[in-house]
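Predicted model, so just to flag it, every value in this text is computed and none were measured. So that the names make sense, note that chain A is the first sequence line, chain B the second, and so on, each numbered from 1.
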Amino acid sequence: MPHPTSAGRRLHRPVLDWYAAHQRDLPWRLPQRSPWGVLVSEVMLQQTPVARVLPVWERWMSLWPSPSDLAAATPGDAVREWGRLGYPRRALRLHAAAAAIRDAHGGAVPGDEATLRTLPGVGDYTAAAVAAFAFGARATVVDTNVRRVHARAVTGDALPAPALTRAEVDLATALLPDDDTDAATWNVAVMELGALVCTARAPRCAECPVAHLCRWRLAGSPTYDGPPRRGQRWEGTDRQCRGRMVQLLRDSPGPVSGAQLRAVWEDEAQRDRCLDALVADGLVEPLEGDRFRLPG
DNA sequence: TAAGCGTGGCT
DNA sequence: TAGCCAAGCTT
């Protein structure tokens, strides 16, 4: 069997050509977009579909076209504009990142992965993505789409394991084209292929440019046989409780009373625990006289 | 390392 | 229908 890397190199041209023909024209990919716009998009896209991000990104960028603009707003403003994207702590962290960019980086989004990685809410994936997409850097970008494409096309598995492994990162690094410009395009092209064609359920193999090379297909498209994925419960969870309280605050122009806040959840112990946690997280600010608001 | 953290669309 | 899933990060 050939080394995975040499097999992988045969994927380059078909995937790059497919991307040239089928890429979506997303606003954070336009030539005139700023590194800040890319960073905002990457944070918003963490666990959130493109369609839901689009309108929020547009408004966010019109309100706060630079990191310093966001840093000048309150954290509560950021949480309110975040709307229903979910995981509102991301809005808080993006606000904190903007302040760090203003205070420690002269107001300009840093271009190297290591510095990006120090920003709140920026992990390995987001640091690599911003370096690659905003600055054209040679970076190993591994998100859930990339993992799935590699798992199928190269490794021959239906789906990647629940958690990212070192082997996957090493494979992704080995698969990067030698040419820097091709490498930059490759990163976004593999992600796009995973998002549009090599999807988690019902992959569109008939439209795939590398179906003839895909080890998973060549093995007869076996079903996933890895460790079970832990499904997230929702009904009755702290997350649902927290979501209701933040939604009430978000939809209220000013502070709300403790009575209003408590009315969104029956279970008293759970409600109190969640409210305490929201305050500890900085998503809710307690005021005098049993009143609460988004952080000011 | 695994669990916690929102929200809504899709099958 | 009820899971499953979506450009992850933090602790």
Side-chain angles (χ1 to χ4, degrees), chain A residues 23-24 26-29 37-57 79 82-94 96-97 116-134 139-149 158-166 168-169 172 187-196 198-204 223-224 227-251 264 270 273-274 277-278 280-284:
Chain A
Q23 62 174 290
R24 293 168 290 182
L26 302 170
W28 45 84
R29 287 182 184 163
V38 174
L39 174 59
V40 171
S41 77
E42 289 302 335
V43 175
M44 287 184 174
L45 287 163
Q46 292 167 2
Q47 302 284 282
T48 307
V50 166
R52 213 178 309 163
V53 166
L54 280 168
V56 181
W57 184 89
V79 171
W82 198 254
R84 304 186 67 82
L85 288 184
Y87 295 145
R89 291 189 295 189
R90 291 184 292 166
L92 242 33
R93 290 176 182 145
L94 191 50
L116 283 161
R117 189 65 178 76
T118 69
L119 298 174
V122 176
D124 289 340
Y125 162 75
T126 302
V130 172
F133 303 154
T140 300
V141 181
V142 185
D143 78 326
T144 187
N145 292 301
V146 171
R147 295 184 65 210
R148 191 172 52 251
V149 171
L159 292 171
L164 178 67
T165 65
R166 177 60 190 271
E168 289 180 83
V169 177
N187 276 322
V188 67
V190 175
M191 282 180 60
E192 192 79 334
L193 187 65
L196 298 182
C198 194
T199 52
R201 285 174 295 185
R204 300 163 173 83
T223 55
Y224 177 74
R229 298 144 172 283
R230 310 197 71 77
Q232 311 166 342
R233 297 279 178 299
W234 175 247
E235 203 60 34
T237 61
D238 284 7
R239 288 153 83 157
Q240 185 182 29
C241 178
R242 289 166 56 107
R244 283 192 190 171
M245 291 198 277
V246 173
Q247 180 180 1
L248 174 65
L249 262 355
R250 224 172 31 219
D251 296 343
V264 305
Q270 186 177 21
R273 178 176 74 243
C274 288
L278 286 170
D281 287 348
L283 279 164
V284 174

| field | Test side-chain hydrogen bond (donor to acceptor under 3.5 Å, both in side chains) applied to A:Arg29 - qualifying residues, sequence neighbours left out | value | A:Glu192
| Could you give the CZ-to-P distance, from A:Arg233 to C:dG3, as a whole number of Å? | 7 Å
| query | Could you run down nucleotides 4-11 of chain C 5' to 3' and tag each one B, S or - for protein heavy-atom contact under 4.0 Å? | reply | BSBBBSS-
Donor-acceptor pairs are to be reported for all side-chain atoms of residues 243-250 of chain A against protein atoms at under 3.5 Å, with residues two or more places apart or in another chain.
unit_1	atom_1	unit_2	atom_2	d
A:Arg244	NH1	A:Val264	O	3.0
A:Gln247	OE1	A:Arg84	NH1	3.3
A:Arg250	NE	A:Gly83	O	3.4
A:Arg250	NH1	A:Gly83	O	3.1

| said: Show every salt bridge (charged side-chain N to carboxylate O under 4.0 Å, His left out) that has at least one partner inside residues 116-125 of chain A, sequence neighbours left out. | reply: A:Arg117-A:Asp124
| request: Quick one: label A:Pro162 by what it contacts on the DNA or RNA (base, sugar-phosphate, nothing), any heavy atom closer than 4.0 Å. | output: nothing
| Positional range of nucleotides in DNA chain B within the contact set of chain A, heavy-atom, under 4.0 Å | B:dA3 to B:dG9
| field | P spacing across the pair B:dT11 / C:dA7, given as an integer number of angstrom | value | 15 Å
| note | Contacts of A:Thr144 meeting side chain to side chain contact (heavy atoms under 4.5 Å, CB included) (sequence neighbours excluded), chain-then-number -> A:Arg148
| request: Using salt bridge (charged side-chain N to carboxylate O under 4.0 Å, His left out) as the criterion, list what pairs up with A:Asp281, not counting sequence neighbours. | output: A:Arg89, A:Arg242
| field | Which residues share a salt bridge (charged side-chain N to carboxylate O under 4.0 Å, His left out) with A:Arg233, sequence neighbours left out | value | none
| request: For residues A:Thr126 and A:Leu39, determine if any side-chain heavy atom of one lies less than 4.5 Å from a side-chain heavy atom of the other. | output: yes
| query | With sequence neighbours left out, what residues match A:Arg147 under salt bridge (charged side-chain N to carboxylate O under 4.0 Å, His left out)? | reply | A:Glu168
